[in-house]
Amino acid sequence: MYMTTLVANTNFFQGKKGLFSWIFSVDHKRIGLLYLYSLMTFFIVGVTLGLLMRYELLNPGKDLVEAKTYNQLFTLHGVIMIFLFIIPSIPAVFGNFFLPIMLGTDDVSFPRLNLLSWWIYILGAIMALSTLVYGDGPADTGWTFYAPYSVRTGTNVSMAVLAAFVLGFSSILTGLNFIVTIHRLRTPGMSFLKMPLFAWALYATSWIQVLATPIIGITLLMIAAERMLGVGLFDPSIGGDPILYQHLFWIYSHPAVYIMALPAFGIISEILPTFTQRTIFGYKAIAFSSLAIAFVGYFIWGHHMFTSGMSGTARFIFSMLTFLVAIPTAIKVFNWVATLYKGSINVQPPLLYALAFIFQFMIGGFTGLILGALATDIHLHDTHFVVGHFHYVMFGGTGFAFFGALHYWYPKIWGKMYNVKVANVAFTIFFIGFNMLYFPMLIVGLMGMPRRYYDYLPEFHLPNMISTYGSWVLATGLLLMLGNLISGFYTSKRKIGRNPWNGITLEWQTTSPPPLQNFDRMPVLPKNGPYDYENKPSIKE
Amino acid sequence: MEHHTGFVLPNSGHNRDAEASKLGMWLFLFTELLLFGGLFIVYMVYRYMNHDAFLMSSFELSPVMGTINTIVLLVSSMTIAMSITAIQKGNTKTAIKLMSLTVFLAFVFLVIKYFEWSAKIHHGLFPGMEHYTNLPKGEALFFFLYFFMTGLHAFHIIIGVIFIGVVISKTKKGLLTSDNYSLNENAGLYWHLVDLIWIYLFPLFYLIH
Amino acid sequence: MEHPEKNKDNQPTTHHISSYKEHFGTLVTLLLLTFVTVVVSVFGANLATLSVATALLIATVKVVVVAYYFMHLKYDLKLYSWLVLLVIVLFVAFTVLTAIEYINR
Amino acid sequence: MRTSASTFAEGVDFSLYVITGISVFFLIGITVVMVYFVFRYSKKRNPVPTNIEGSNTLEVLWTVIPVLLVMVMFYFGWMGYKPLLKAPDDAIVIDAYGQMWKFSFEYPDGRLTDSLVVPFGKPVKINLHSRDVLHSFFIPAFRMKEDMVPGKNNFLWFEATQEGRFDILCAEYCGQLHSYMLSSVTVLSEADYLHWLANVPNISDEHPGLSLLKQNACLTCHSQDGSKIIGPSFKGIFGRTEIVETDGLEREILIDEEYIARSIKQPNADIVQGYMKGLMVSYETVLSDDQIAEITDYLKKLK
Ligand code: HEA
Ligand code: HEA
Ligand code: CUA
Ligand SMILES: [Cu+2]
């Protein structure tokens, strides 16, 4: 057996060089960055598709593409955004990079499995994108692949569902690795209740990844089998039931929305203490509410099917449980706001993203409540109101948290700094563009415009127009933000020390960037819990 | 390596940690259980909706073959469990014998399965075949699920055989011993999972008359 | 939820060695249960759905036996038993919620 | 928001106002507090932070209050929805069919239409059916929708509270022309409705084959003027030769009665070159042989 002996003064970028030293690296930090670069690539593809869709919806009638192409656009957009971007996003990038460091260890429990999961992710991504260039074209079913249409259409659905199946494995392996890491590798003295909240969030997320993903795996496999063998498993003419497909799909896909949201909550719980310089308010409440969300989240999938003709009893139960899941989220929001109270607040780009997160996630959450109520969902189901809802939670929530995290940990990861002023301007444009893009969708949804509509009635024109203009504003902000981050690599002159934001969790005790073994000296835990600013260990350069 | 600072991180992801690999294995088993769980839900709903057709079709299956296979799997589960006792006690040879016996029983299971499947396929009951497409409502579903679930299960048997094969060869090479047997344990856990799933498949398909 | 401290050479904390006899006893129990299942289903055919329920009940007992003895849950950390329970609770919840929908249609 | 034109709409709108009201209150309240804190406790104004670990009283408070509030939301949502569960016994029953990409309606007296006409202030029950994939029957002005699921009998009922013409939209994605799957419901006063029922002719004097094509939505995919929509045009179809793919092999065929009947019963047996498999579904159980003969007769005339 061997122990880890630490090597001083080399960071993880140094050491082995070259492409192969990256794509075959078992170092969690390099794997995290591999995820970051691949994920951003797919994100750019996804948003470009989104922009094209918005352009098509600028005016009624044809603006750009044919109906069938539009349908393929939103399907591919949804598949990329869900399976390639947002589900892996925070766990695979920042979880991989920072979880071991925050726990005070040198890697995850299964480093090779970790690398394997990145490879599987790339394989799945290639499969998903391959439909663009070969076969009968990308699927045109929507990311939900509802039977029986998904079984009948001539487009390449089989490849798309198999890709999602493969991507599921990648997600499972990440989750599995994190659970074991959290159980086994916390540094001595760090009990569960002294873990940073980001670790708690990842812990809850990982349980969803492990326990929900298999269900969608098998369901999508059935769709593929059905198409290949020509049997109608979900086809009433042989005794099947299309609604059963929806149950199985949402048994996974509702919990999956918390795979997207919980890590983002974790990010916010890290950013707030750092920029208020005080302990988080209600540590336990925030930690346990993550578990509560993960648990209750399993039992409310039916709210996606309120108009499918479910029995009244089932609608009653699912609607009631849906409302219950709002409670732990409410607890988090209140505790975050209370954390600002009597802090010493340093307004920096990461904090701006966190505040925007809270605001936008609230809008997303409240529209979720409107959808969770039976009467209103009967009207709003499958309208652009739903589209507005989920972009608010996914993009306005998780997306913003992702970019907040990028701004927060940028100096730690690369040891450099971006231009803060430009970052603030980019944020402002981003924020305005975002709300201009998605708020009108809520309005047009209330007016009754169904989603997945290539063309629409004239009375829906104005909000759609505003929305499309908003997408251009948003794009400007995003380009400025990414440009600023990238140019930070080249123009940053300042040498960044260990702790530019005066943070307290363990990653700030090591060098920026961290050494290959994560620490060049033994990490020291604050006395009373991870955010105990009163007993903050002093950090010498 | 290069020059050392002389201090060591107490917990490391690069250490051998038997408890961690066991926990990892269990988590993996959970995903497998839920994978089949999804299929059991499908089975439940379709059986409820096509009650009589499922009854009718299950008569096509032979409970005798099913029972024999159940016994085969249970015995193999015992042999693999015993092989772990053996290796814990340091009886490497016995352990290898017991694991080989498990593999042999797995083959017996697969051979019986093969004969069962060929009989069904001979009757044209495989999804997509002529006779299958003309089956009455509900029966086609039964056979789809039969082939899909037992097929997936057989696939797991094959994986298990490979897994145990690897463990046998590592044990032979002396890489796994009485103080390093977590791979043996994990292979055992996996094999028991295969058994667990069969324990449900058996009554649901063969015994529902 | 406290995790076990590893001892210094990182060996599993659980050293229990089950005897061959215990394994054999487990097998006999399982075979007996199998026998009961077959008898109930084949000869109790007129009990109709009841026989399915019994068969599933016995199967569940068998599963518990396998997990408890063969899979060593009995001698492992309590954590594993709790997690197995969690998975079972989830699966049962999935089936029950789905069933509620179909039965009340 | 559009006009609300059914009794159900009142329940929906009311619960919408309740939930939105509570939500907007919290949204604005929390945002204002948040922004205030950021200013009041900024580094400049408050250089020394105070560590406050939490407060059990507050935790309880902000668990219990939201629980009560969401239960209120749930209650109104459920009450607004509940009337939909059971249609009154005296409702007029109309069958609605969805198929790619057309709605059609069948009245109790067998009258077939492609848009809906209902009386004002009378309960109307719509049984929802689908002939192929999922569709959803959505009337925004009535605030209601329900999916049309093949093999499953869903329904919906309403009482119109306003005369006029309202849109019906398909709200479940159903393929290429999903967004063009539109129809309308016209609410007439009872007298006008009865007049419509009694006098407006049902079956026109058009060719029965054409009526069948219209009723079964064939014309959403097949044009009569030679243009290509989803499927090959019907113009000049009879007697033309074309290349089809059968079991992966290409062959040339001449379109005759037999071929048309087969194309309708087993559309995926021969796939016309340049078209996609799987789009057209079999009409074997929908159209009788006599009806197919009518259609063929009409197609022969479409030169
Ligand atoms: C990140 C992803 C994410 C998250 C976190 C959520 C969160 C929630 N979602 Fe959302 N949802 C999606 C992603 C997400 N959703 C997606 C992708 C779809 C569409 C899928 C598709 O069809 O393609 C969807 C669709 C969807 C539907 C189906 C709509 C339809 O198709 O008819 C419903 C219905 O109930 C719903 C409800 C909710 C609820 C109640 C929450 C709750 O968790 C929200 C809880 C949060 C709050 C309530 C706000 C914070 C609380 C406070 C500020 C305190 C004050 C609170 C009170 C007084 C109560 N969502
Ligand atoms: C994380 C998830 C995520 C994110 C970030 C987004 C981002 C966007 N989405 Fe998203 N969307 C989904 C997930 C997401 N979406 C899902 C799951 C669906 C459901 C699919 C389905 O129905 O099956 C959906 C559906 C959906 C629809 C509904 C389609 C319909 O029902 O008819 C629309 C319509 O406008 C839309 C628009 C957009 C836009 C404009 C963006 C914007 O964010 C894009 C903003 C653009 C930028 C910020 C671009 C910046 C530009 C560059 C960086 C480079 C540009 C380069 C060139 C142009 C060459 N999306
Ligand atoms: Cu019919 Cu959409
Ligand atoms: Cu949901």
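Protein chains get the first letters and strands the later ones, always in sequence-line order, with residue 1 at the start of each. These figures come from a predicted structure and were not determined experimentally.
Only the side chain of V333(A) comes within less than 4.5 Å of a heavy atom of chain D; its backbone N, CA, C and O stay farther away. Interface residue P242(A): only side-chain heavy atoms are found under 4.5 Å from chain D. Interface remark: Q246(A) contributes side-chain atoms only to the contact with chain D (heavy atom separation under 4.5 Å). Proximity to chain D involves both the backbone and the side chain of V337(A), based on heavy atoms less than 4.5 angstrom apart. Using a 4.5 Å cut-off between heavy atoms, I327(A) contacts chain D through its side chain alone, with no backbone atom that close. Of the two parts of N335(A), the backbone and the side chain both hold a non-hydrogen atom closer than 4.5 Å to a non-hydrogen atom of chain D. Within the 4.5 angstrom heavy-atom criterion, atoms from both the backbone and the side chain of F316(A) approach chain D. Both the backbone and the side chain of F74(D) come within less than 4.5 Å of a heavy atom of chain A. In this structure, chain D has no heavy atom under 4.5 Å from any part of I443(A). Contact annotation for I139(D): neither backbone nor side-chain heavy atoms come within less than 4.5 Å of a heavy atom of chain A. Proximity to chain A is limited to the side chain of L182(D), based on heavy atoms less than 4.5 angstrom apart. The contact between Q176(D) and chain A is made by backbone and side chain atoms together, counting heavy-atom distances below 4.5 Å. Proximity to chain D is absent for every atom of S311(A), based on heavy atoms less than 4.5 angstrom apart. Residue I22(D) does not touch chain A at all, counting heavy-atom pairs closer than 4.5 Å. For chain D, the nearby part of F74(A) is the side chain; its heavy atoms alone come within less than 4.5 Å. Using a 4.5 Å cut-off between heavy atoms, D132(D) contacts chain A through both its backbone and its side chain.
Taken to the nearest 0.5 Å, the OH atom of Y453(A) stands 5.0 Å off from the NE2 atom of H178(D). From R452(A), atom CZ reaches atom OG of S179(D) across 13.0 Å, with rounding to the nearest 0.5 Å. To the nearest 0.5 Å, the span separating NZ on K145(D) from CG on L169(D) amounts to 9.0 Å. Distance check, rounded to the nearest 0.5 Å: CG of L324(A) to OG1 of T329(A) gives 11.0 Å.
Contact count versus chain A (heavy atoms, under 4.5 Å) is highest, among N153(D), N56(D), L177(D), V70(D), for V70(D). Comparing V149(D), N51(D), I19(D), T31(D) by heavy-atom pairs within less than 4.5 Å of chain A, the highest count is held by N51(D). Contacts with chain A were tallied for V12(D), V67(D), I52(D), T20(D); I52(D) has the most, counting heavy-atom pairs under 4.5 Å. When M320(A), Q277(A), R451(A) are compared by the number of non-hydrogen pairs under 4.5 Å with chain D, M320(A) comes out ahead. With respect to chain A, the highest number of heavy-atom pairs below 4.5 Å among G151(D), C170(D), G80(D) belongs to C170(D). When K44(D), M79(D), R40(D), M71(D) are compared by the number of non-hydrogen pairs under 4.5 Å with chain A, M71(D) comes out ahead. Of the listed residues M362(A), R278(A), K342(A), the one with more heavy-atom pairs under 4.5 angstrom with chain D than any other is K342(A). Between chain D and the options A67(A), P328(A), P148(A), the largest number of non-hydrogen pairs under 4.5 Å is found for P148(A). No other option in T50(D), V18(D), L69(D), L128(D) has as many heavy-atom pairs under 4.5 Å with chain A as T50(D). Here F334(A) is the residue among Y533(A), Y454(A), W336(A), F334(A) with the most heavy-atom pairs under 4.5 Å with chain D.
For the side chain to side chain donor-acceptor pair (under 3.5 Å) with D140(A), the qualifying choice from T75(A), T69(A), T155(A), N71(A) is T155(A), the only one to do so.
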- Task: Could you give me the CA-CA distance, side-chain angles and deciding distance for F385(A) and I370(A), then say whether side chain to side chain contact (heavy atoms under 4.5 Å, CB included) is met?
- Result: CA-CA 10 Å; F385(A) 190 86; I370(A) 294 177; 4.0 Å; yes

- Query: How far apart are the C-alpha atoms of S319(A) and F306(A), what are their side-chain angles, what is the distance that settles it, and do they pass the side chain to side chain contact (heavy atoms under 4.5 Å, CB included) test?
  - Reply: CA-CA 9 Å; S319(A) 171; F306(A) 283 155; 3.8 Å; yes

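No hydrogens or angles considered: nothing links the side chains of S344(A) and N46(D) as a donor-acceptor pair under 3.5 Å. Of the N and O atoms on the side chains of Y392(A) and N435(A), at least one donor lies less than 3.5 Å from an acceptor on the other residue. For the residue pair H129(D) / D95(D), a side-chain donor-acceptor distance below 3.5 Å is found, with atom types taken as modelled.
Ring geometry, F366(A) versus F26(D): the interplanar angle falls from 30° to 60°, so the pair is classed tilted.
Annotation: side chain of F281(A) is not in contact with side chain of L340(A) (no heavy-atom distance under 4.5 Å).
Ring-centre distance between F8(D) and F142(D): not below the 6.0 Å cut-off.
Electrostatic pairing of D13(D) and R143(D) counts as a salt bridge here, judged by a charged N lying under 4.0 Å from a carboxylate O.
No more than 12 heavy-atom neighbours from other residues, nucleotides or ligands sit within 6.0 angstrom of OH on Y36(D).
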